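Worksheet for the structure shown next.
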2 protein chains.
Amino acid sequence: MKLINNTDIYTVQQNILVAVDCIIFGFDSKKLKLLLFKRKVAPSKGLWSLIGAFIKDDQSVDEGAKQILFETTGLKDIYLEQLKTYGNVHRDIAGRVISIAYYSLISVREFELESVEKYDAHWFDLDELPNLIFDHGEMVADAIKQLKTKAKHQPIGFNLLPKYFTIPELQILYESIYQQELDARNFRKKILSLDILTKTNKKDKSGSKKGAFLYTFNKEKFDALIAEGLNFEI
Amino acid sequence: MKLINNTDIYTVQQNILVAVDCIIFGFDSKKLKLLLFKRKVAPSKGLWSLIGAFIKDDQSVDEGAKQILFETTGLKDIYLEQLKTYGNVHRDIAGRVISIAYYSLISVREFELESVEKYDAHWFDLDELPNLIFDHGEMVADAIKQLKTKAKHQPIGFNLLPKYFTIPELQILYESIYQQELDARNFRKKILSLDILTKTNKKDKSGSKKGAFLYTFNKEKFDALIAEGLNFEI
DNA sequence: ACAAAAGTGTTAGATCTACACCCATGT
DNA sequence: ACATGGGTGTAGATCTAACACTTTTGT
């Protein structure tokens with residue numbers, strides 16, 4: 001099939017398509033997960049892949065990523081960040097396509113199940129991922145690495161939790177991200193010393209009989225600290 | 001002008017061009033600098049910009065970046081890393097072009113002056129940058145930020161120095177990157193304690209009468225340490 | 001002889017790490 | 001009453017940050 005590529009001034013011959021792919025991380029209070037999709041179009045139809053789409057001419061790459069994420073998860077205004085662009089000549093077996101990968105962090109609890117069915121999506125544990133098409137496995141590996149690095153210095157972990165969460169939940173999340181166990185006393189001390197959590201007087205008793213106090217992330221306080229030049233680290 | 005965009009299977013209408021732009025950092029033993037070019041084509045001809053090029057159909061995006069870098073600096077096998085992709089609809093005033101930005105680190109001393117003249121290039125101090133076309137200013141700001149972050153945990157600084165360098169030179173480099181003064185004794189202690197530098201018995205007397213010993217970066221040792229799980233930080 | 005940059009140790013304070021028991025509550 | 005996870009403090013080790021003088025040598 002032939003397509004028309006129109007530029008205003010540049011006299012360039014180029015046959016490259018531009019797509020986005022989204023690595024969607026989720027956390028369900030127990031494990032860190034990845035949302036994968038059974039591919040609905042050729043080539044590689046029926047295999048597991050990240051969700052992606054071609055960019056429209058009148059939409060920015062960021063907008064393209066936002067849109068595909070909204071369509072498949074029903075979620076808006078969620079954490080979404082560009083990861084890396086994948087541009088090998090034969091990365092897509094059906095044509096010359098470069099893909100700008102994004103990763104997103106959501107709370108599994110706030111995610112619409114309806115979308116899962118409609119798009120043939122499935123949450124996979126990070127240590128039980130199936131084979132993925134093209135270079136999507138590489139994208140996922142890069143995203144996991146990036147998440148580990150980023151979580152240390154920016155409070156992005158909170159995007160994976162519901163608005164109210166407990167300290168033990170937060171600890172399990174960080175243990176999942178870093179893939180190592182943390183000392184409960186030291187973790188609590190460190191996270192509370194940052195003074196970016198607001199304690200409520202409610203308890204979540206789903207995890208224990210005693211129940212754990214619910215906290216919420218105080219973004220205003222955090223931003224103020226960053227503005228003062230805080231060298232944040234968890 | 002109309003162009004043909006051919007894909008094998010995908011039935012997509014898309015009129016987007018794909019380019020790369022390179023942010024080239026250099027260090028001359030005194031200051032951190034940026035290599036900028038007087039643009040030779042419309043639009044915005046004659047204004048300062050990063051060097052860039054359109055990707056060819058049969059070349060990966062990484063290869064495209066490598067090629068433009070080689071053509072303009074004469075340098076091969078130098079540090080080159082993808083920064084970010086810029087994809088706003090109207091970022092280029094002459095058409096829909098997305099650009100994958102790369103940044104590169106070189107030693108100004110090892111750089112061919114010949115290329116500078118041929119391509120109308122100029123080294124600018126980081127604090128005296130001219131206005132740049134399109135979103136190139138944003139690219140540069142992002143690259144500086146990335147360089148700061150990355151230099152802390154990976155030994156990329158050495159790419160900005162010639163093979164043999166002195167500790168005071170290295171310190172000035174890190175001071176330029178972090179934009180803050182460092183204590184000479186503490187810096188020397190820390191960098192030497194990493195045990196990744198090999199001392200030679202030669203001195204560089206260009207900086208002082210006494211002269212400073214020349215060192216060289218020991219990549220083998222560094223890689224071995226990383227393999228052991230070293231949590232590197234400068 | 002002197003100017004100018006290179007090179008060298010110590011100490012106080014801050015931070016990190018390891019570790020064990022009591023508390024609250026549902027069953 | 002007991003099982004289960006929640007919540008708390010301390011001490012030793014390590015790391016960080018601040019600080020001043022001597023060495024070398026070209027002019």
Side-chain angles (χ1 to χ4, degrees), chain A residues 27-31 151-153 161-162 164-176 178-216 225 228-234, chain B residues 27-31 151-153 161-162 164-176 178-216 225 228-234:
Chain A
F27 184 68
D28 67 354
S29 301
K30 294 270 166 53
K31 289 202 154 193
K152 257 203 151 57
H153 301 281
L161 293 168
Y164 295 97
F165 52 86
T166 68
I167 305 279
E169 239 178 332
L170 186 61
Q171 182 179 342
I172 292 169
L173 169 59
Y174 273 92
E175 287 177 337
S176 313
Y178 296 150
Q179 303 204 79
Q180 68 170 295
E181 301 206 340
L182 302 172
D183 180 278
R185 270 173 296 191
N186 293 340
F187 180 79
R188 180 180 292 265
K189 223 181 307 170
K190 194 165 198 174
I191 208 87
L192 289 179
S193 77
L194 292 173
D195 200 29
I196 53 173
L197 298 188
T198 306
K199 189 177 183 176
T200 71
N201 53 13
K202 290 191 182 139
K203 282 190 164 187
D204 168 22
K205 297 207 171 178
S206 66
S208 74
K209 289 155 186 170
K210 182 179 178 181
F213 279 105
L214 287 163
Y215 288 77
T216 187
L225 285 174
E228 285 171 29
L230 168 70
N231 193 7
F232 174 85
E233 178 162 341
I234 299 181
Chain B
F27 185 66
D28 67 354
S29 300
K30 294 270 166 53
K31 289 202 154 191
K152 257 203 150 59
H153 301 281
L161 293 168
Y164 296 98
F165 53 85
T166 69
I167 304 280
E169 238 178 332
L170 186 61
Q171 183 180 342
I172 291 169
L173 170 58
Y174 274 92
E175 287 176 336
S176 313
Y178 296 149
Q179 303 203 78
Q180 68 171 293
E181 301 207 339
L182 301 171
D183 179 278
R185 272 173 294 192
N186 293 338
F187 180 79
R188 180 180 293 264
K189 222 181 308 169
K190 194 164 197 174
I191 208 88
L192 290 178
S193 77
L194 291 173
D195 200 29
I196 53 173
L197 298 188
T198 305
K199 188 177 182 175
T200 70
N201 53 11
K202 289 190 182 142
K203 281 191 165 189
D204 168 22
K205 296 207 172 179
S206 66
S208 73
K209 289 155 186 173
K210 183 179 176 180
F213 279 104
L214 286 164
Y215 288 76
T216 187
L225 285 175
E228 284 172 29
L230 168 70
N231 193 7
F232 174 85
E233 179 161 342
I234 300 179

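Each chain gets a letter, A, B and so on, in the order its sequence line appears, and its residues count up from 1. Fair warning: this is a prediction, and the values are worked out from it, not measured in the lab.
Within the 4.5 Å cutoff, no side-chain heavy atoms of B:Arg188 are placed close to those of B:Gln171.
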Set out, line by line, the N/O atom pairs under 3.5 Å between protein and nucleotides 21-27 of chain D.
{"unit_1": "D:dT23", "atom_1": "O2", "unit_2": "B:Lys210", "atom_2": "NZ", "d": "3.0"}
{"unit_1": "D:dG26", "atom_1": "OP1", "unit_2": "B:Lys205", "atom_2": "NZ", "d": "3.1"}

I'd like a list of close polar pairs between nucleotides 9-12 of chain C and the protein, N/O only, cut-off under 3.5 Å.
{"unit_1": "C:dT10", "atom_1": "O4", "unit_2": "B:Lys189", "atom_2": "NZ", "d": "2.9"}

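Take A:Asp195 and apply the salt bridge (Lys or Arg N to Asp or Glu O under 4.0 Å) test, not counting sequence neighbours, and it matches A:Lys221. Partners of B:Tyr174 by side-chain contact (heavy atoms from CB on, under 4.5 Å), not counting sequence neighbours, listed by chain and number: B:Ala151, B:Leu170, B:Tyr178, B:Leu182, B:Phe187, B:Ile234. Residues meeting the side-chain contact (heavy atoms from CB on, under 4.5 Å) test with B:Lys199, sequence neighbours left out: B:Phe213, B:Tyr215. Listed by chain and residue number, A:Lys148 satisfy the side-chain contact (heavy atoms from CB on, under 4.5 Å) test with A:Gln179 (two or more places apart in sequence, or in another chain). For B:Lys205, the side-chain hydrogen bond (donor to acceptor under 3.5 Å, both in side chains) criterion is met by no residue, not counting sequence neighbours. Taking B:Ser206 as the reference, B:Asp204 meet the side-chain hydrogen bond (donor to acceptor under 3.5 Å, both in side chains) condition, with sequence neighbours excluded. By the side-chain contact (heavy atoms from CB on, under 4.5 Å) test, B:Ser29 is found to be paired with B:Arg109, B:Glu169, residues two or more places apart in sequence or in another chain being considered.
Atom NZ of A:Lys203 sits in a crowded spot, with more than 12 heavy atoms from other residues, nucleotides or ligands closer than 6.0 Å.
Side-chain nitrogen and oxygen atoms of A:Arg188 include at least one within less than 4.0 Å of the OP1 or OP2 phosphate oxygen of D:dG7.
Look at CD1 on B:Ile234: it is 16 Å from P on D:dC15, rounded to the nearest Å. Nucleotide D:dT16 holds its P atom 7 Å from the CD atom of B:Glu233, rounded to whole Å. Straight-line distance from the CZ atom of A:Phe187 to the P atom of D:dG7: 12 Å, rounded to whole Å. B:Glu181 has its CD atom 15 Å from the P atom of D:dA17, to the nearest Å. A:Leu192 places its CG atom 10 Å from the P atom of D:dG7, with the value rounded to the nearest Å. The NZ atom of A:Lys190 sits 19 Å away from the P atom of D:dT8 (whole-angstrom rounding). One interatomic measurement links the two molecules: CD1 of A:Ile172 to P of D:dG6, which rounds to 7 Å at whole-angstrom precision. The nearest whole Å value for the distance from the CD1 atom in B:Ile167 to the C1' atom in C:dT8 is 13 Å.
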